[in-house]
Chemist: 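Take a look at the following structure, please.
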Amino acid sequence: MEGRGRCFTAALKNPLPQSFYLKDDTIAIAKSLLGKVLLVRGEDGIWAGGWITEVEAYNGAQDKACHAYGYKRTQRNQAMFKRGGCAYVYLCYGMYYMLNVVTNEVDEPHAILIRAIEPCWGIEAMMQRRKQKKVSPQLTAGPGRVTQALGITKQHNEAPLWGPDIVISAKGALKVEEVVTTPRIGVHYAKEDALLPYRFYIKNNAFVSKPLYPKY
DNA sequence: TTCCCGATTTACT
DNA sequence: GTAAATCGGGAAA
């Protein structure tokens with residue numbers, strides 16, 4: 001991995017431990033993921049990544065917006081029932097993959113959706129995958145854009161977050177000055193739970209998604 | 001088996 | 001502002 005600087009290697013070799021994901025407080029884990037380094041080896045074998053700038057918490061069986069509401073198990077959501085520290089990847093709208101971080105203990109189906117990153121490593125690969133000519137928020141701001149830029153597909157489902165294909169690390173992380181909290185995007189079907197303040201992003205960071213249809 | 005709809009994005013009119 | 005792309009989950013028939 002030439003030409004990516006010391007931070008890339010340091011992050012790759014120092015992933016967050018599994019214990020980071022096991023606490024019974026997915027909201028707190030979601031906020032603390034902001035600024036952390038996310039690195040992914042795409043299907044083509046090329047590494048790319050950057051800093052996590054926007055996330056949403058899906059707070060387990062009592063959260064109506066969560067795929068595992070009421071402990072409902074399906075083929076799709078089985079990754080959420082695993083012990084925290086692996087990826088939950090699923091196909092949305094038949095064409096975009098969503099990347100989630102699974103948290104909490106076995107059979108407690110919590111997850112955190114990665115909605116945006118600030119690109120840092122493998123930018124050429126990301127622009128090629130996204131068919132973009134320059135770096136802009138369109139490259140990686142939005143959950144479908146993140147997975148497309150990083151080369152994530154369903155083959156990353158249930159992948160551990162300490163490698164070999166996905167790594168989340170505090171090494172080289174951004175210092176986060178201020179966090180903005182809002183309701184989640186696109187979960188109107190969850191009725192009263194749609195208003196829960198479970199979306200978090202880094203204030204004043206350009207690489208944050210803008211809701212197409214603002215509802216609040 | 002049929003049907004509706006989604007944790008989205010993009011390209012139109 | 002609105003619609004199309006595209007497919008798997010889950011409820012209904």
Side-chain angles (χ1 to χ4, degrees), chain A residues 26-27 29-31 33-34 38 40 43 52-82 84 86-104 108-117 119 126-158 161 166 180-201 206-216:
Chain A
T26 299
I27 307 306
I29 299 172
K31 287 187 209 172
L33 277 177
L34 291 174
L38 169 64
V40 175
E43 273 196 316
I52 297 170
T53 54
E54 179 185 356
V55 296
E56 279 177 2
Y58 286 82
N59 202 27
Q62 83 265 20
D63 180 354
K64 288 183 178 172
C66 181
H67 288 167
Y69 175 62
Y71 291 102
K72 180 177 60 181
R73 284 177 187 262
T74 68
Q75 180 109 44
R76 178 175 66 167
N77 73 13
Q78 60 179 335
M80 296 182 83
F81 289 85
K82 300 191 72 169
C86 70
Y88 167 39
V89 179
Y90 71 94
L91 186 63
C92 187
Y93 289 98
M95 59 191 78
Y96 295 106
Y97 289 103
M98 302 287 116
L99 170 63
N100 294 258
V101 168
V102 175
T103 65
N104 219 304
E108 282 301 330
H110 295 232
I112 298 162
L113 173 68
I114 307 297
R115 287 194 57 90
I117 67 170
M126 290 194 270
M127 289 195 293
Q128 195 162 7
R129 291 165 179 151
R130 290 275 303 133
K131 299 180 171 40
Q132 303 272 310
K133 292 189 177 68
K134 57 180 185 179
V135 175
S136 80
Q138 286 193 70
L139 188 64
T140 54
R145 292 167 172 172
V146 168
T147 55
Q148 197 171 64
L150 295 177
I152 288 174
T153 69
K154 62 189 175 207
Q155 81 164 30
H156 292 92
N157 192 34
E158 301 191 9
L161 301 177
I166 304 180
V180 180
T181 302
T182 79
R184 293 170 291 189
I185 294 176
V187 295
H188 48 278
Y189 58 86
K191 299 180 181 174
E192 68 272 20
D193 285 356
L195 295 177
L196 291 171
Y198 285 175
R199 174 178 177 241
F200 309 101
Y201 62 85
F207 295 89
V208 170
S209 73
K210 292 193 172 83
L212 189 49
Y213 304 110
K215 291 201 173 61
Y216 43 85

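A, B, ... follow the sequence lines: proteins, then strands. Residue 1 opens every chain.
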Chemist: With the side chain of Tyr96(A) defined as its heavy atoms from C-beta on, choose the nearest nucleotide among dT8(B), dG6(B), dC7(C).
Modeler: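 Of the candidates, dT8(B) comes closest.
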
Chemist: What does the 5'-to-3' dot-bracket notation of DNA chain B look like when only Watson-Crick and G-U wobble pairs under 3.5 Å count, and pairs to other strands show as |?
Modeler: ||||||.|||||.

Chemist: When the distance from CE of Met98(A) to P of dG9(C) is rounded to whole Å, what number comes out?
Modeler: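 So the two atoms are 15 Å apart, to the nearest Å.
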
Chemist: Met95(A) CE to dG6(B) P: how many Å, rounded?
Modeler: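 One finds 14 Å between P of dG6(B) and CE of Met95(A), rounded.
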
Chemist: Hey, does the side chain of Arg184(A) come within less than 4.0 Å of dG6(B)'s phosphate (OP1/OP2), counting only N and O?
Modeler: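 No, Arg184(A) has no side-chain N/O under 4.0 Å of OP1/OP2 on dG6(B).
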
Chemist: Send over the distance from Gln75(A) CD to dA11(C) P, rounded to a whole Å.
Modeler: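 Going from Gln75(A) (CD) to dA11(C) (P), I get 15 Å.
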
Chemist: From NZ of Lys64(A) over to P of dG10(C), roughly how many Å is that when rounded to an integer?
Modeler: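 Spelled out: NZ on Lys64(A) to P on dG10(C) is 18 Å.
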
Chemist: Rounded to whole Å, how long is the line connecting atom CD of Gln148(A) with atom P of dT6(C)?
Modeler: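 It works out to 13 Å between those atoms.
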
Chemist: What's the spacing between Leu33(A) CG and Thr53(A) OG1 if we round to 0.5 Å?
Modeler: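 The CG atom of Leu33(A) sits 11.5 Å away from the OG1 atom of Thr53(A).
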
Chemist: Are the ring of Tyr93(A) and the base ring of dT8(B) both nearer than 5.5 Å at their centres and tilted by less than 30°?
Modeler: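 The base of dT8(B) is stacked with Tyr93(A) (centres under 5.5 Å, planes under 30°).
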
Chemist: Asn157(A) has an atom CG; how far is it from atom C1' of dG8(C), in whole Å?
Modeler: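 The answer, rounded to whole Å, is 14 Å.
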
Chemist: With sugar-phosphate meaning primed atoms plus P, OP1 and OP2, does Arg73(A) contact a base, only sugar-phosphate, or nothing at under 4.0 Å between heavy atoms?
Modeler: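 If one applies the 4.0 Å heavy-atom cut-off, Arg73(A) turns out to touch nothing in the nucleic acid.
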
Chemist: Report, as yes or no, whether the 6.0 Å neighbourhood of atom CD on Gln75(A) holds more than 12 heavy atoms from other residues, nucleotides or ligands.
Modeler: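 Open: at most 12 neighbouring heavy atoms sit under 6.0 Å from CD of Gln75(A).
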
Chemist: Which of parallel (below 30°), tilted (30 to 60°) and perpendicular (above 60°) describes Tyr90(A) and His67(A)?
Modeler: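 It falls in the perpendicular class, over 60°.
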
Chemist: Could you state the atom-to-atom distance from NE2 of His188(A) to P of dC4(B) in whole Å?
Modeler: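 It is 16 Å, rounded to the nearest whole Å.
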
Chemist: Is a side-chain donor-acceptor pair under 3.5 Å present for Arg129(A) with Gln148(A)?
Modeler: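 Their side chains do not contain a donor-acceptor pair, so the 3.5 Å distance test is not met.
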
Chemist: For Asn77(A), answer base if it contacts any base atom (sugar-phosphate contacts may also be present), sugar-phosphate if it contacts only those atoms, and nothing otherwise; contact means non-hydrogen atoms under 4.0 Å.
Modeler: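 Nothing: the residue Asn77(A), judged by heavy atoms under 4.0 Å, touches no strand.
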
Chemist: Tell me the interatomic distance from Tyr90(A), atom OH, to dT8(B), atom C1', rounded to whole angstroms.
Modeler: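 Going from OH in Tyr90(A) over to C1' in dT8(B) covers 9 Å.
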
Chemist: How about Gln155(A): does its CD atom have over 12 heavy atoms from other parts shown lying under 6.0 Å from it?
Modeler: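 Enclosed: over 12 neighbouring heavy atoms sit under 6.0 Å from CD of Gln155(A).
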
Chemist: Taking the six-membered ring of Phe207(A) (Phe, Tyr or Trp), confirm whether the NZ or CZ of Arg145(A) is under 6.0 Å from its centre and within 45° of its axis.
Modeler: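 Not flagged: Arg145(A) not positioned over aromatic ring of Phe207(A).
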
Chemist: If each of His67(A) and Gln132(A) is mapped to the nucleotide of DNA chain B with the nearest heavy atom, which maps nearer the 5' terminus, i.e. the 5' end?
Modeler: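 Comparing both residues, the 5'-ward one is His67(A).
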
Chemist: When you measure from the side chain of Thr74(A), which nucleotide among dG10(C), dC7(C), dT8(B) comes out closest?
Modeler: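 From the listed options, dG10(C) comes nearest.
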
Chemist: Check the phosphate of dC7(C) against Arg76(A), side-chain N and O only, distance under 4.0 Å to OP1 or OP2. Yes or no?
Modeler: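 For Arg76(A), the contact criterion (side-chain N or O under 4.0 Å from OP1 or OP2 of dC7(C)) is not met.
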
Chemist: dT9(B), dG6(B), dG9(C): which one has an atom nearest the side-chain heavy atoms of Arg145(A)?
Modeler: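 Closest nucleotide among those given: dT9(B).
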
Chemist: For a quick check under 3.5 Å, do Tyr71(A) and Glu108(A) share a side-chain donor-acceptor pair by atom type?
Modeler: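 Their side chains do contain a donor-acceptor pair, which is all the 3.5 Å distance test asks for.
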
